[in-house]
Structure formats: structure tokens, C-alpha cells
2 protein chains.
Amino acid sequence: MTDQNLRDMLQTRGLKATFQRITILDYLMTHETHPTADMIHLDLKEISLATIYNTLEKLVDVGLVIVIDTQKDDKRHYDYYGEPHYHIINNNTNEIIDADNFDVAPLFEAARQASGLNITGFHIEIYGVDPDEAK
Amino acid sequence: MTDQNLRDMLQTRGLKATFQRITILDYLMTHETHPTADMIHLDLKEISLATIYNTLEKLVDVGLVIVIDTQKDDKRHYDYYGEPHYHIINNNTNEIIDADNFDVAPLFEAARQASGLNITGFHIEIYGVDPDEAK
DNA sequence: TAACTAAATTAGAATAATTCTAAAAGAGGA
DNA sequence: TCCTCTTTTAGAATTATTCTAATTTAGTTA
Ligand SMILES: [Mn+2]
Ligand SMILES: [Mn+2]
Ligand SMILES: [Zn+2]
Ligand SMILES: [Zn+2]
């Protein structure tokens, strides 16, 4: 992903292409770690923590990023969401795994029928445990 | 739901049947509001806020209750989860609607295939907007 | 290219949801 | 009834996140 690609992603969504936004978006696109604001700040020390938070809020607003609240800590985790997908959370390791091998269309249709709303998005977390853990 | 039913629900899950736990569990079972700890405390003033939090944590631990982190406020919402279901969130009103007209078995199977884990549960939130809102 | 301006960044202070502490009370079993 | 571990509680502490207001900058215009 070139710098110009990142600028375009921001500008087509109405966001100014600042160094901080380009850097944070690139960070999220190239890390599978579902980091917290503080984890990003540790890696990108040249960007203030306030800007990390401000930028993440903007990226969430335009739909490029989502927030995942795991139950295991009380911090928000951020996730590049250019490709919608769901999450599998390993309750042994607290690892968050990305997956997209499921068609959400039937679920959207069920939700539309249940609520009458126009469905705009989803957050799905599936919890599991290692099959070989002693129970 | 009788007092004895509630006591049994707690005791079969290894929790002592205290007045506070019975009262809070009953509260969650009889309210559709997906309240925060503070909202519960406003209605149950005779129970300390610390106990509201302690009790909710226990009820979550044993699976009777889940936490829903909406993105709209930074408070945790609690939900009786004796009957697993999914949530539809109206982004116009921030209302949380319960629904269960969807079979999660195929999604569980997809998650098992993607991760190799034994799937133990799910949290699903579907977001939507009123169809008649001016866009 | 230079000037302009609304938007973005920043350090540090403030907020508030949640957790912690340690002393008192209670549940359930013996 | 007694015992003991668990639970409850008020209030203090923590800390993730938000706010403030001064400075800088991106993108536009001339
Ligand atoms: Mn939250
Ligand atoms: Mn907090
Ligand atoms: Zn992800
Ligand atoms: Zn619910």
C-alpha cells in the first residue's frame, strides 16, 4: 500500500491526509494484532496519545476501522475493517482471529425481518476454547 | 419466576443465593432495557454499587448474563442471557433489540473450521437505521 | 508560490466508569 | 447454634478515555 493509496483512502472519505492518519491507518492495515490505543502509541511514539484517540475515532466514523471490546481487559481494541469479517476469540489465549468464511446475508435478512430496520453492518464475535485443553 | 427458582438458578451454578444476587438476577430477567450497572443501582438503591458490579461479574462468569459494549456510550450494558440471542442496534435511537430468529449452527461450524477451536458461545450485534429516516 | 483558514495536533488536566481495600455481615453446612 | 468462608459495603484508588485551549498544518485560493 503506497502513501498515495493511503491518502486516497482518507480523502475519498472526507478526511484530511495528515501524516498521523496515514501512519495510523497503515499501522492498522499491516498488523494483525487488534491493538489498543496505547499499544499503537508504544509503536508510534512520535504521535501523541490524544491524536491516536482522535484519529481512531475518525477512522471508526468513516467505517475503515471497528472497535472490539473484549471482555478480558477494559481497553478498546481497534481493527482495520476495510474487508468486513468476523472474529473468533480463543478464551484460553485471548487471541482474536479474523475469519470471513461465512455469508452474513441470511443473518442480515433475519435482522431486517425482526426489526424492520435497514441493516448497515455487523459485529460478530465467536468464543471458543482449545480442543486439547484439559477440561 | 419464584424466589426459589431464582435461588436454584444461582445455587446450581455454585453461587450463594444472597438477597442481592436474587434481586439483581430477577431485575435483569424482567427488564428488556439492557441496563448499565448504574441504571440498576438507580432502581435498586438498597444494594451498593460495589455489589452491583461484583454480582454482575459473577453472573457473567456463570453464563447467565452477558456484557454488551455499545459504541454509543462508554458504559457496559448487561443482559440476561439464559436464552441465547442476538442484538439489533438501531443507530438512530441506540435502542438494543433482542432477536433469535437465526440459527447459529452454520456460523459455529464455520468458526470451528476457521480456527480449530471448540466453539462455546457468541455475541452478535447487527446495526441498522430506520428506513424512513431522511438520508 | 504565498497567503489564508478551517481542521488537526498536542500536552496536560479533567472526567468518570470500574476496581480495589479491608472491615462488617451473612449463607450454608456441621 | 456455631463456624468459616464468602459476600457485602463505603469510600478510596485507578486508569482508560475525553476535554481544553494553544499551536500547527493541509488543502485551497489568488
Ligand atoms: Mn466500552
Ligand atoms: Mn473507563
Ligand atoms: Zn479483525
Ligand atoms: Zn438481549
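To find a chain, count down the sequence lines: A is the first, B the second, and so on, and within it residues start at 1.
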Close aromatic pair by centroid cut-off 6.0 Å: His123(A) and Tyr86(A):
no
Ile52(B) atom CD1 is separated from dA16(C) atom P, nearest whole Å, by 20 Å
Note: for Thr18(A) and Thr36(B) on DNA chain C, the residue whose nearest nucleotide lies more 5' is Thr18(A)
Looking at Glu32(A), I'd like to know if its CD atom is crowded, meaning that more than 12 non-hydrogen atoms belonging to other residues, nucleotides or ligands lie closer than 6.0 Å.
no
Separation of dA27(C) atom P from Lys58(B) atom NZ, nearest Å, is 16 Å
Rounded to whole Å, CG of Asp38(B) lies from C1' of dT19(C) at a distance of 15 Å
Can you confirm whether more than 12 heavy atoms, excluding those of Glu83(A), are under 6.0 Å from its CD atom? no
Which of dG28(C), dT9(C), dT18(D) is nearest the side chain of Thr55(A)? It is dT9(C)
Rounded to whole Å, CG of Leu49(A) lies from P of dA8(C) at a distance of 18 Å
In whole angstroms, the gap separating C1' of dA10(D) from CD of Glu46(B) amounts to 16 Å
message: dT10(C), OP1 or OP2 - any side-chain N/O from Gln20(A) closer than 4.0 Å?
response: yes
Q. Checking all strands, does Asn54(B) fall into the base, sugar-phosphate, or nothing category for heavy-atom contacts under 4.0 angstrom?
A. base
* Asked: Looking across every strand, which nucleic acid part, if any, lies under 4.0 Å from Gln11(B) by heavy atom: base, sugar-phosphate, or nothing?
  -> sugar-phosphate
message = Over 60° means perpendicular and under 30° means parallel, so tell me whether Tyr27(B) and His31(B) are parallel, tilted or perpendicular.
response = parallel
Between OH of Tyr78(A) and P of dA16(D) the distance, given in whole Å, is 12 Å
Looking only at dA8(C), dA11(C), dT18(D), the nucleotide nearest the Ser48(A) side chain is dA11(C)
In whole angstroms, the gap separating C1' of dT7(D) from CG of Asp61(B) amounts to 15 Å
Whole-Å distance, Asp73(A) CG to dT18(C) C1', equals 13 Å
Considering only heavy side-chain atoms of Lys16(A), the closest of dG27(D), dT9(D), dT6(D) is dG27(D)
- Message: Mind checking if Glu57(A) touches a base, just sugar-phosphate, or nothing, with heavy atoms under 4.0 Å?
- Response: nothing
Tell me what Thr51(A) touches on the nucleic acid: a base, only sugar-phosphate, or nothing, going by heavy atoms under 4.0 Å. base
Out of dG28(C), dT10(C), dT19(C), minimum distance to the side chain of Ala50(A) belongs to dT10(C)
With a cut-off of less than 4.0 Å, is there a side-chain N or O of Arg76(B) near OP1 or OP2 of dA17(C)? no
Ring center gap for His87(A) and His34(A) short of 6.0 angstrom:
yes
Per atom distances to the Arg7(A) side chain, the nearest of dA16(D), dT18(D), dG27(D) is dG27(D)
Contacts of Glu95(B) meeting salt bridge (charged side-chain N to carboxylate O under 4.0 Å, His left out) (sequence neighbours excluded), chain-then-number -> none
If the cut-off is 4.0 Å, is Arg21(A) near the phosphate of dT9(C), judged by side-chain N/O to OP1 or OP2? yes
Among the nucleotides dT18(D), dT9(D), dA27(C), whichever has the atom closest to the side chain of Tyr53(A) is dT18(D)
